[in-house]
Amino acid sequence: MIQKLTTLTDDARNGLTVALGGYDAQYAHEIETGISECFAIDNGFLITRVEQAIDRAPELVACCVEGVPVKRVAPLLINAALNMGAESIRAHTTRPGIGRMMRQWGDVQKEYVFTLNLKGGRYYGQ
C-alpha cells in the first residue's frame, strides 16, 4: 500500500530515523511547503523531491528511504520519473550494498560524496 503524507508524521519520523540524519525539521518544512513529498510504502517510508537546473530536464531525487526494499521502491521511482518527464533519478546513501542492489535496474555510480566535518576543529590546513 502506498499513501502520500502531507506532513512528516511521527510514524514517518520514527521510520526514517537513520535516513533523516538529523534533518527532521528541514524535511518537515519541505514536505509541508510542497518542496518534497513523503510516502508511506508498506512498512516503510520514502521522501522525494524534484530538482531541475535551468538548462536540464528534471531529476527525481530519493532523499530518504527506510523500511522499503530496493526491489519494491526502485520500480516506483522509475515509473514516477518517467511519468514526470525526468531524465534521471538520484540517490545518496551511506550503505555501499545499496549500489550493488540498484545495478539490476541499470544504475551506475556517478560520483563520490565526501564530507569534511569542521566541528571540533580537527582538520588540516588551518
Side-chain angles (χ1 to χ4, degrees):
M1 180 177 130
I2 301 170
Q3 177 186 4
K4 183 176 177 182
L5 306 175
T6 56
T7 62
L8 186 62
T9 63
D10 288 340
D11 285 344
R13 194 181 303 264
N14 292 333
L16 290 165
T17 301
V18 175
L20 288 169
Y23 290 95
D24 308 41
Q26 177 68 31
Y27 283 114
H29 171 75
E30 288 185 7
I31 293 162
E32 289 170 12
T33 58
I35 295 168
S36 294
E37 295 183 316
C38 185
F39 300 91
I41 303 174
D42 303 332
N43 296 318
F45 298 92
L46 165 69
I47 297 176
T48 63
R49 75 170 163 258
V50 177
E51 294 183 1
Q52 184 168 6
I54 292 171
D55 59 343
R56 302 193 64 176
E59 180 173 57
L60 181 60
V61 182
C63 303
C64 301
V65 182
E66 215 168 312
V68 186
V70 170
K71 64 182 170 183
R72 170 78 163 118
V73 77
L76 297 172
L77 289 169
I78 291 167
N79 288 335
L82 289 171
N83 287 336
M84 64 179 290
E87 279 190 359
S88 59
I89 301 169
R90 186 177 80 238
H92 295 258
T93 184
T94 57
R95 298 176 54 203
I98 297 294
R100 288 189 296 275
M101 290 182 230
M102 294 301 291
R103 284 191 200 111
Q104 66 183 300
W105 283 278
D107 284 10
V108 294
Q109 184 174 353
K110 183 178 174 182
E111 65 180 332
Y112 292 93
V113 177
F114 297 93
T115 302
L116 175 60
N117 185 355
L118 301 176
K119 188 175 181 179
R122 296 181 160 233
Y123 53 92
Y124 298 100
Q126 294 182 339

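Keep in mind that what you see is a predicted model, and the values were worked out from it rather than measured. Residues: numbered from 1 along the sequence shown. Values reported hereafter were calculated over all heavy atoms of this structure, with side chains retained and with hydrogens, waters and symmetry mates removed.
- Side-chain heavy atoms closer than 4.5 Å link hydrophobic residues (I, L, V, M, F, W, Y) into clusters, and following such links, possibly through other members, connects V50 to L46.
- Note that CG of L60 and CG of N79 are 11.0 Å apart. Values are rounded to the nearest 0.5 Å.
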Discussion item. E87 vs R56, test: salt bridge (Lys or Arg N to Asp or Glu O under 4.0 Å). Steps then yes/no.
Written reply: CA-CA 9 Å; E87 279 190 359; R56 302 193 64 176; 5.2 Å; no
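- In terms of heavy-atom proximity, M84 sits nearest to P58 at CE-CB, 4.0 Å.
- I41 and Y27 are members of different hydrophobic clusters when ILVMFWY side chains are connected at heavy-atom separations under 4.5 Å.
- F39 contributes atom CZ, which lies 13.0 Å from atom CE of M1 (distance to the nearest 0.5 angstrom).
- Put simply, L82 and V70 are part of the same group of oily side chains (I, L, V, M, F, W, Y) that touch within less than 4.5 Å, one to the next.
- In this structure, CG on L8 lies 13.0 Å from NE2 on H29, to the nearest 0.5 angstrom.
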Fill in: Verdict with supporting geometry, L5 and I31, side chain to side chain contact (heavy atoms under 4.5 Å, CB included)
CA-CA 8 Å; L5 306 175; I31 293 162; 5.8 Å; no
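- Using a 4.5 Å heavy-atom threshold, the side chains of L20 and I47 count as touching.
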Worksheet item: Hey, mind stepping through R72 and V65 against side chain to side chain contact (heavy atoms under 4.5 Å, CB included) and telling me if it holds?
Response: CA-CA 11 Å; R72 170 78 163 118; V65 182; over 6 Å; no
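- Listed by chain and residue number, E30, E51 satisfy the side-chain hydrogen bond (donor to acceptor under 3.5 Å, both in side chains) test with R49 (two or more places apart in sequence, or in another chain).
- In N43, the CG atom is not crowded: 12 or fewer heavy atoms of neighbouring residues, nucleotides or ligands sit closer than 6.0 Å.
- Linking ILVMFWY side-chain heavy atoms closer than 4.5 Å, directly or via other members, places V68 and L77 in a single hydrophobic cluster.
- Between the E37 side chain and the K4 main chain, no donor and acceptor come within less than 3.5 Å of each other.
- Looking at every heavy atom in both residues, A57 comes nearest to G85 through CB-O, 4.4 Å.
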